Amino acid sequence: MDETNEVLRKAPLFEALDEEGAAALRASVSEVRLGRGQTLFSEGDEGDRLYVILSGKVKLTRAAVDGRENLLSVLGPSEMFGELSLFDPRPRTASAIAVTDAVMAGLGHDDLRPFIAQQPQVSLQLLKALASRLRRTNDVMSDLVFTDVPGRVAGQLLDLADRFGKEGEDGLHVHHDLTQEELAQLVGASRETVNKALAEFALRGWLRIEAKAVVLLDVERMRRRAR
Ligand code: CMP
């Protein structure tokens with residue numbers, strides 16, 4: 001199995017399928033390549049495809065009328081997006097923009113619908129992915145209401161660490177690939193306030209700040225701060 005297949009097989013859509021089913025679905029996949037900063041689709045566009053990330057990272061963002069941006073999520077390999085307009089055929093609910101060079105597997109909604117109807121286990125996997133997204137969204141919403149900015153910074157870094165973290169000798173390396181501005185958009189606060197929280201964590205020895213990355217040195221303290 002080549003690397004692309006391996007990444008694809010871990011995606012919610014493919015997880016429940018046997019080899020034969022996965023091969024049938026793979027036949028409808030077309031690859032899409034994006035350069036860093038390139039937009040795949042914009043909020044409000046009509047959507048007819050779902051995507052699974054094969055390599056790189058993609059951010060999902062929404063913009064306010066005054067131009068401010070809210071970063072809903074940053075997704076990496078095997079993660080899926082663009083499924084909302086499959087289940088509920090209405091315009092895209094967010095824009096998808098590559099934060100690094102990225103390759104995606106695109107699947108047309110029209111190709112997927114009959115497949116889902118024939119394979120109930122695929123629907124269950126997709127529902128599971130949607131449920132876990134709703135859980136995460138609820139957590140983010142509660143944090144926006146109940147948690148201060150440093151707590152939210154700690155929470156978002158731990159969430160990024162869960163998906164992109166790699167254990168190193170000196171700590172947990174989280175290469176998130178986000179600018180300071182994007183990190184602030186993810187936390188839902190100004191860049192200044194987020195930077196202040198990061199500097200405070202660094203001063204306490206809980207993390208080290210690197211270019212588009214952090215190294216978490218004391219995960220337990222970060223967890224307690226995120227609560
Ligand atoms: P769709 O509306 O087709 O296009 C934008 C996609 O962004 C959407 O499908 C979801 O896949 C994804 N998306 C929307 N809201 C969130 C969220 N809160 N967290 C993660 N992904 C989201």
Side-chain angles (χ1 to χ4, degrees), residues 7-8 10-15 25 28-30 32 34 37-64 68-100 102-113 115-116 122-147 152-153 155-164 174 176-178 182-189 226:
V7 180
L8 213 47
K10 286 192 199 133
L13 195 57
F14 286 84
E15 231 180 352
L25 191 54
S28 332
V29 162
S30 56
V32 183
L34 291 181
Q38 215 178 329
T39 299
L40 178 64
F41 57 71
S42 299
E43 185 181 349
D45 284 357
E46 217 164 284
D48 61 354
R49 293 183 96 64
L50 166 156
Y51 297 91
V52 175
I53 302 177
L54 297 175
S55 67
K57 293 189 186 79
V58 171
K59 65 175 179 180
L60 297 160
T61 80
R62 289 168 73 114
R68 282 178 304 155
E69 290 218 25
N70 173 215
L71 219 157
L72 296 173
S73 193
V74 186
L75 304 181
S78 297
E79 292 187 290
M80 167 190 81
F81 62 95
E83 78 292 344
L84 291 190
S85 42
L86 164 71
F87 296 119
D88 178 22
R90 282 193 283 167
R92 296 288 193 196
T93 54
S95 304
I97 301 164
V99 281
T100 64
V103 183
M104 265 107 13
L107 278 148
H109 290 167
D110 288 343
D111 289 333
L112 268 170
R113 278 194 196 95
F115 200 84
I116 290 172
V122 174
S123 318
L124 282 174
Q125 281 304 116
L126 288 173
L127 281 172
K128 196 172 147 207
L130 272 180
S132 100
R133 188 163 288 169
L134 181 59
R135 273 176 201 270
R136 185 184 171 274
T137 304
N138 282 349
D139 287 344
V140 169
M141 237 170 63
S142 296
D143 282 351
L144 278 172
V145 177
F146 300 128
T147 310
R152 301 207 305 263
V153 172
Q156 287 292 353
L157 290 179
L158 290 167
D159 183 47
L160 291 165
D162 274 346
R163 280 159 326 117
F164 305 122
V174 188
H176 51 66
D177 285 295
L178 300 175
E182 288 169 328
L183 199 56
Q185 289 166 357
L186 188 63
V187 171

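Just follow the structure's listing: the first ligand is 1, and inside any ligand the first atom is 1. Just so you know, residue 1 is the first one in the sequence shown, and it goes up from there. Small disclaimer: the values here were computed from a predicted structure and weren't measured.
- When all heavy atoms are compared, the tightest approach of R113 to L86 is NH2-O, 3.4 Å.
- No hydrogens or angles considered: a donor-acceptor pair under 3.5 Å links the side chains of S30 and R49.
- The protein heavy atom nearest to atom 18 (N) of ligand 1 is T137 OG1, 3.5 Å.
- Between F81 and Y51, the ring-plane angle classifies as parallel under the 30° and 60° cut-offs.
- Listed here is the closest heavy atom pair of A226 and T147: O-CG2, 4.3 Å.
- Looking at atom 6 (C) of ligand 1, its nearest protein heavy atom turns out to be G82 N, 3.8 Å.
- For atom 4 (O) of ligand 1, the closest non-hydrogen atom of the protein is R92 CD, 3.3 Å.
- The proximity of L84 to ligand 1, defined as any non-hydrogen pair under 4.0 Å, involves the side chain as well as the backbone.
- Within the 4.0 Å heavy-atom criterion, both parts of S85, backbone and side chain, lie near ligand 1.
- A side-chain N or O of S85 and one of R92 form a donor-acceptor pair less than 3.5 Å apart.
- Against a heavy-atom cut-off of under 4.0 Å, F81 is close to the following atoms of ligand 1: 11 (O).
- The single protein non-hydrogen atom nearest to atom 16 (C) of ligand 1 is L72 CD1, 3.8 Å, given as residue, atom name and distance.
- Among protein heavy atoms, the minimum distance from atom 12 (C) of ligand 1 is reached at L60 CD1, 3.6 Å.
- Between R163 and E79, at least one side-chain nitrogen of the basic residue sits less than 4.0 Å from a carboxylate oxygen of the acidic one, meeting the salt-bridge criterion.
- Atoms of ligand 1 lying under 4.0 Å from any heavy atom of A94, numbered from 1 in the order shown and given with element: 5 (C).
- Close approach of ligand 1 to F41 is summarised as follows: ligand atoms under 4.0 Å from at least one heavy atom of the residue are 4 (O), 5 (C).
- Contact annotation: for T93 versus ligand 1, heavy atoms closer than 4.0 Å belong to both the backbone and the side chain.
- A side-chain donor-acceptor contact under 3.5 Å links S95 to the backbone of E43.
- Across every non-hydrogen atom of L144 and V187, the tightest pair is CD2-O, 3.9 Å.
- The part of R133 lying near ligand 1 is the side chain, judged by heavy-atom distances below 4.0 Å.
- Distances between N or O atoms of E83 and those of ligand 1 include at least one value under 3.5 Å.
- Checked against T61 for a side-chain hydrogen bond (donor to acceptor under 3.5 Å, both in side chains), the options Q185, E182, E69 give a single hit: E69.
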